Amino acid sequence: MKATYDLERKLVEVVTKMEFVGICIDAKLRNQCKVELESLRDELLQQISTFTTGDFNINSTKDLSGLLFGTLGITPKIEKSNNSGNYPVDKIHLLKLVEQHEIIPFILKYRKVCALLKFCTQLEKVNPVTNRLHTQFNQIGTDTGRFSSSKPNLQNIPNPKSKNPDDRLLTIEGEFRQMFIPKNGWLFVCADYSQIELRIMAHYSQDPFLLKAYELNQDLHKLTASQIYNVKFDQVTDQQRNIAKSINFGLIYGKTAYGLAPDLTRITGNHHTHEEAQKIIDAYFEKLPAVKNCLNSFIDQADNLGYSETYLGRRRPIPQLASNKTSEREAGKRIAMNTPIQGTAADIIKMAMVKCDDAIKKEGLKAKLLLTVHDELLFEAPKSEQQEMEQLVRENMENAAKLLVQLKVDLKTGNNWAEVH
DNA sequence: CTTCTCACG
DNA sequence: ACGTACGTGAGAAGG
């Protein structure tokens with residue numbers, strides 16, 4: 001508890017500086033995107049309007065449900081309508097209806113365009129005096145110890161993984177992180193922890209398989225796949241690796257067979273039952289029993305104490321574990337499995353922030369920490385400080401905590417936030 | 001004030 | 001029998 005308190009107290013000054021310094025936005029690119037998105041939106045509204053009658057509101061889930069399953073006669077793919085008598089019209093459900101009606105892709109695209117337009121609006125909140133965007137970092141804003149960011153939230157800027165120059169919308173989406181730029185003559189130095197939550201799991205579980213994989217710097221997901229499927233490392237297919245990856249990340253949240261089955265269906269393109277998913281999960285825990293034990297001990301601990309605890313002793317009460325409703329207790333168990341992992345990752349990056357800030361001060365550098373995004377730190381530095389900063393950031397992040405496995409950071413330098421990812 | 005939807009790690 | 005992966009913020013709609 002004291003360690004957490006001391007850390008948070010030192011961090012206050014670092015956070016204050018981040019908020020005060022702010023970050024440059026490329027207004028020209030932002031405005032360009034906005035114009036293009038607005039015309040896209042209007043085209044889509046036009047196309048959608050050919051299917052509607054009367055005063056239809058596309059943003060109303062009630063109106064949309066009525067249009068799709070009433071006027072247009074689409075058959076819902078699920079049995080039950082929700083409490084308000086409407087069928088769900090979220091992306092997952094709409095995707096299942098694309099075969100049934102030509103309007104579906106228009107709606108999905110319209111939603112995407114609207115979401116991106118909201119980001120444009122958020123990025124217009126630059127301060128007229130500094131000409132920079134100043135977010136608020138809520139230092140103790142979450143139950144796990146992570147930061148949250150608001151007004152505007154800079155922790156949920158689009159970050160598309162795939163690229164396709166022919167897909168205009170995907171291209172625009174990729175331009176949002178290009179809008180974040182260093183000041184004239186400076187550079188961004190961006191560092192993110194590689195698989196920090198899985199490394200923390202390796203540390204807590206002391207699972208020999210995980211420890212060895214990280215010690216030898218191996219491809220963990222591929223290695224996991226070779227274990228689950230009982231095949232040689234070199235014979236693992238991309239699909240098997242993707243499934244293993246899905247389990248590796250899912251285990252941190254207490255994922256169940258019912259959650260894994262849709263993942264399997266998505267990855268393979270064939271339908272998979274939860275029984276199949278359960279077999280894969282069983283195979284996983286059979287090969288990594290220490291992970292299973294670790295997750296169970298997280299639950300037992302939280303059950304006995306009434307709270308979960310992180311590396312630094314940060315506590316989170318979990319009253320759900322005492323509920324007399326099974327579903328709430330199950331939810332409590334998942335929280336108890338996840339909190340020590342997610343919360344420890346938060347402890348570590350917070351320690352790294354203080355260390356980096358101290359080191360910059362000590363070396364008399366001009367570089368500034370601008371953003372913190374869960375497992376990533378973004379700095380702005382004069383070109384002359386590039387090499388020293390790259391070394392300083394890596395050193396201080398990788399040595400922020402001493403775990404049984406090495407912490408590893410991926411680091412890039414560049415001229416906008418997209419470039420350093 | 002809550003629900004839905006959608007963006008991020 | 002229950003519901004099924006954790007943690008956030010924002011805007012629109014609906015009650």
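Values reported hereafter were calculated over all heavy atoms of this structure, with side chains retained and with hydrogens, waters and symmetry mates removed. A, B, ... follow the sequence lines: proteins, then strands. Residue 1 opens every chain. Given the structure is predicted, the values throughout are model-derived calculations rather than measurements.
A:Asn57 has a side-chain polar atom (N or O) that falls below the 4.0 Å cut-off from OP1 or OP2 of C:dA13. Residue A:Ser60 places at least one side-chain N or O under 4.0 Å from the OP1 or OP2 atom of C:dG14. Dashed line: the shortest gap from a side-chain N or O of A:Thr256 to OP1 or OP2 of C:dA5 is under 4.0 Å. Here A:Ser148 reaches the OP1 or OP2 of C:dG9: one of its side-chain N or O atoms lies under 4.0 Å away. Remark: A:Arg146 is not in phosphate contact with C:dG7, judged by side-chain N or O atoms under 4.0 Å from OP1 or OP2. OP1 or OP2 of B:dC8 has not a single side-chain nitrogen or oxygen of A:Asn153 nearer than 4.0 Å. Using a 4.0 Å cut-off, some side-chain N or O of A:Lys112 falls inside it from OP1 or OP2 of B:dA7. Distances shown here put a side-chain N or O of A:Arg111 below 4.0 Å from the OP1 or OP2 atom of B:dC6. Put simply, A:Gln122 has a side-chain N or O that comes within less than 4.0 Å of OP1 or OP2 on C:dG11.
Note on A:Arg329: nothing from the nucleic acid sits closer than 4.0 angstrom, heavy atoms only. Within 4.0 Å of A:Lys325, counting heavy atoms only, lies no atom of the nucleic acid at all. Within the 4.0 angstrom heavy-atom criterion, only backbone atoms of the sugar-phosphate kind lie near A:Gly259; the bases stay farther away. Across all strands, A:Lys161 comes closer than 4.0 Å only to sugar-phosphate atoms, never to a base (heavy-atom distances). Residue contacts for A:Phe119: at a heavy-atom cut-off of 4.0 Å it reaches the sugar-phosphate backbone alone, with no base atom in range. Within 4.0 Å (heavy atoms only), A:Asp192 reaches no atom of the nucleic acid at all. Within 4.0 Å (heavy atoms only), A:Asn138 reaches no atom of the nucleic acid at all. The residue A:Ser149 sits close only to the backbone: its heavy atoms come under 4.0 Å of sugar-phosphate atoms, none of a base. Within the nucleic acid shown, A:Asn324 has no heavy atom closer than 4.0 Å to any nucleic acid atom. Within the 4.0 angstrom heavy-atom criterion, base atoms lie near A:Thr326. Among the heavy atoms of the strands lying under 4.0 Å from A:Lys118 are primed sugar atoms or P, OP1, OP2 only; no base atom is included. Within 4.0 Å (heavy atoms only), A:Leu116 reaches no atom of the nucleic acid at all.
For A:Ile335, counting side-chain heavy atoms from C-beta on, the closest listed nucleotide (C:dA13, C:dG7, B:dC4) is C:dG7. In the set C:dA10, C:dT4, C:dG14, the nucleotide with an atom closest to the side chain of A:Arg334 is C:dT4. Relative to the side chain of A:Lys91, the nucleotides C:dA12, B:dA7, B:dG9 differ in distance, and B:dA7 lies closest. Proximity note for A:Asp263 (side chain, C-beta onward) versus C:dA5, C:dG3, C:dG7: the nearest is C:dA5. Side-chain atoms of A:Asp375 lie closest to B:dG9 of the nucleotides C:dG3, B:dC4, B:dG9.
Here C:dT8 presents its P atom at 16 Å from CZ of A:Phe137, a figure rounded to the nearest Å. Atom OH of A:Tyr110 and atom P of B:dC4 are 19 Å apart (whole Å). For the pair A:Asp90 CG and B:dA7 C1', the interatomic distance rounds to 15 Å; values are reported in whole Å.
Ring stacking holds between A:Tyr258 and C:dT4, with the centres under 5.5 Å apart and the planes within 30 degrees of each other.
Side-chain contact check for A:Lys151 and A:Asn138: no donor-acceptor pair (N or O, by modelled atom type) lies under 3.5 Å.
Here the side chains of A:Val405 and A:Leu211 are in contact, with some heavy-atom distance below 4.5 Å. For the pair A:Cys294 and A:Asp207, the minimum side-chain heavy-atom distance is 4.5 Å or more.
With a 3.5 Å ceiling on both atom-pair distances, the Watson-Crick or G-U wobble partner of C:dG11 is B:dC4. If you check C:dC2 for Watson-Crick or wobble pairing at under 3.5 angstrom, you find it has no partner at all.
Taking atom P in both C:dG3 and B:dT3, one finds a spacing of 15 Å when rounded to whole Å. Of the P atoms belonging to C:dT4 and B:dC4, the separation is 13 Å, rounded to the nearest Å.
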Practice item. Evaluate the criterion salt bridge (Lys or Arg N to Asp or Glu O under 4.0 Å) for residue pair A:Glu8 and A:Lys350; output intermediate values, then yes/no. Key: CA-CA 8 Å; A:Glu8 295 294 353; A:Lys350 283 180 164 179; 2.8 Å; yes

Exercise for review: Check the pair A:Gln301 / A:Glu309 against side chain to side chain donor-acceptor pair (under 3.5 Å), numbers first and verdict last.
Suggested key: CA-CA 9 Å; A:Gln301 238 172 53; A:Glu309 207 168 35; over 6 Å; no

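A donor-acceptor contact under 3.5 Å links the side chain of A:Asn156 to the base of B:dA7.
Ion pairing between a basic and an acidic side chain is recognised when a charged N comes within 4.0 Å of a carboxylate O; A:Asp358 and A:Lys10 show no such pairing.
Formation of a donor-acceptor pair under 3.5 Å by the A:Thr413 side chain with backbone atoms of A:Val189 is not found in this model.
A distance of 6.0 Å or more separates the ring centres of A:Phe188 and A:Phe180.
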